[in-house]
Amino acid sequence: MTTPPPFNALERIRTELAHLEAQSLRRNRRLLESPQAAHVRVDGQNLLSFCSNDYLGLANHPALIAAASQAVLSTGVGAGASHLITGHHAFHHGLEMRIAGFVGLPAALLFSTGYMANIGVVTALIGRDGEVFADRLNHASLNDAALLSRAKLTRYPHNDMATLETQLSSSRSVQKLVLVDAVFSMDGDLAPLPDLLALCERYDAWLLVDDAHGFGVLGAGGRGALAHFGLASPRIIYMATLGKAAGVFGAVVAGEAEVIEWLLQKARTYIYTTATPPLLSAALLASIDLIEAGDGLRVHLQNLIKQLRASLRTPNWQLMDSATPIQPVLIGSNDAVLAASQRLLERGILVPAIRPPTVPANSARLRISLSAAHTEADVAQLVDALNSIHAAG
Ligand SMILES: *Cc1c(COP(=O)(O)O)cnc(C)c1O
């Protein structure tokens, strides 16, 4: 027997993995052994968690559990088909109408995930002859969507409206689409949506607003970023994810009726995939009611944000300029942020270390995310731990 030739591709992966490890860039999963909540059991340890996107504490809410439990008895577990075959259940349909009315747009379409919604919308709206303009700090799913559309991708520095205007004015594409996170997921700051809409009107572009972190949190009744800024325009395509503040799973795209009809006809990530389990839509109907009635939760959340920002004293660790539940502490180096996250863990507190490529090089950070499920005592415990770790160097 002759020895087979070396499998070079596998060798390369081994080398690359070792390289990630050496740079403190290898990612590990933790094992969650409780429901998602402020207090969780992870890897056998009880921890106070500042990690989730469950901003209103709805992921394990009794009303959602009850709605899902009832629905599972009447609808079963799986949708069994895609929406355009026989998978479109009355619960999906009811949820689309409920959310369209809730955010004040003519129509809405459910997608399985926010990632798939962004891919579906961008590739349905624009092609090779188009140009996509994107904030440099946008979520990866928007970048991937732009690449998959084969349109020209032009990125602008974070929130830099002057550069975007120059780019839009010099574009020779007839089809233009601006992509933006309403709340930047690793920084917590807002996009200047009124300025973006004005530019889209001036240069005849679509505006896709990804409100993954604003829906349920911003605006009257938690209606999201458009309500927060009081914006409405047929140019806006609104995308909200339903696995963050809404506490469940999925995503919704809302806009003009013709746009939604076009997506139903053309969005490949809508067409060529199984519908989500209807019980999730039943849980989401209960979730939207709680979001709408949740001003008390949002006031409590804002108070926690103020408490954190007022009491954290870490001169070399900057809190970033954020008024949302995403409150990152900028540290810089990958090793230092891992060490800080580890020290917090030793004190029973879970805060993720966010490293490149999720964030730009040398801007590794602790990403604290607050939830209405936290108490003032929880935030005080986090602040004490951060202050003491920082003081210790
Ligand atoms: C989480 C997130 C997504 C993806 O949503 P999923 O439903 O988790 O796939 C898209 N955009 C932004 C800004 C996000 O934070």
Side-chain angles (χ1 to χ4, degrees), residues 27 29 32 36 51-56 58-59 92 95-96 99 103 108-123 132 134-149 155 158-159 177-191 193 196 207-218 224-226 228 236-254 267-270 273-277 280-281 283-284 287-288 291 320 322 324-328 352 354 357-360 365 367-371:
R27 289 142 187 263
R29 296 177 299 175
L32 180 66
Q36 193 59 264
C51 285
S52 83
N53 303 307
D54 181 24
Y55 300 119
L56 298 179
L58 299 182
H92 297 130
L95 180 65
E96 288 178 347
I99 293 183
V103 298
L109 193 67
L110 271 181
F111 283 77
S112 298
T113 70
Y115 197 117
M116 290 169 73
N118 283 338
I119 302 255
V121 170
V122 175
T123 55
V132 170
D135 190 293
R136 274 204 182 280
L137 296 191
N138 276 352
H139 191 261
S141 59
L142 289 170
N143 295 333
D144 294 356
L147 293 176
L148 204 54
S149 77
R155 297 169 87 198
H158 181 48
N159 280 348
L177 169 61
V178 176
L179 308 181
V180 75
D181 284 20
V183 177
F184 288 90
S185 54
M186 296 302 141
D187 295 57
D189 59 336
L190 302 187
L193 292 182
L196 283 158
L207 177 61
L208 172 56
V209 176
D210 177 338
D211 202 21
H213 300 276
F215 184 77
V217 173
L218 298 177
L226 301 184
H228 173 83
I236 295 178
I237 298 146
Y238 178 77
M239 198 288 289
T241 61
L242 303 172
K244 289 174 178 157
V248 186
F249 183 75
V252 68
V253 176
R268 297 169 65 84
T269 54
Y270 181 77
T273 197
T274 302
T276 53
L280 299 182
S281 287
L284 281 160
S287 172
I288 305 300
I291 289 173
M320 298 179 74
S322 162
T324 68
I326 301 169
Q327 292 288 327
I354 306 289
T358 308
V359 293
R365 64 200 65 174
R367 181 179 182 272
I368 298 168
S369 58
L370 296 172
S371 163

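Start at 1 with the first residue, then count along the sequence. In each ligand, atom 1 is the first atom listed, and ligand 1 is the first ligand listed. These values consider heavy atoms only, across backbone and side chains, with no hydrogens, waters or symmetry-generated copies.
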*Taking the side chain as every heavy atom from C-beta outward, state whether C51 and P352 have any atom pair closer than 4.5 Å.*
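In short, these two side chains touch, coming nearer than 4.5 Å.
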*Does an N or O anywhere in D181 fall below 3.5 Å from an N or O of ligand 1?*
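D181 vs ligand 1: no N/O contact under 3.5 Å.
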*asked:* For ligand 1, which is the ligand I care about here, please tell me if H213 has any N or O atom under 3.5 Å from one of the ligand's N or O atoms.
replied: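 Such a contact does occur with ligand 1.
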_In this structure, does ligand 1 have an atom that sits under 4.0 Å from one of the heavy atoms of S141?_
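Right, S141 reaches ligand 1.
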Is the closest side-chain donor-acceptor distance between [X] and [Y] under 3.5 Å?
{"X": "R27", "Y": "T358", "result": "yes"}
{"X": "D135", "Y": "H158", "result": "yes"}
{"X": "D210", "Y": "N138", "result": "no"}

*Whether R365 side chain and M186 backbone form a donor-acceptor pair below 3.5 Å*: yes
*Using modelled atom types only, decide if a donor and an acceptor are shared between the side chain of D211 and the backbone of A225 within a distance under 3.5 Å.*
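Pair found, side chain donor or acceptor close to backbone of A225.
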*Among all protein non-hydrogen atoms, which one is nearest to atom 14 (C) of ligand 1, and what is the separation to 0.1 Å?*
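Of the protein heavy atoms, K244 NZ, 2.8 Å lies nearest.
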*asked:* What protein heavy atom lies closest to atom 4 (C) of ligand 1? Include the residue and the distance to one decimal.
replied: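 Protein heavy atom at minimum distance: Y115 N, 3.6 Å.
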Does ligand 1 have a heavy atom under 4.0 Å from the side chain of [X], from its backbone, from both, or from neither?
{"X": "A212", "answer": "side chain"}
{"X": "T113", "answer": "both"}
{"X": "M116", "answer": "neither"}

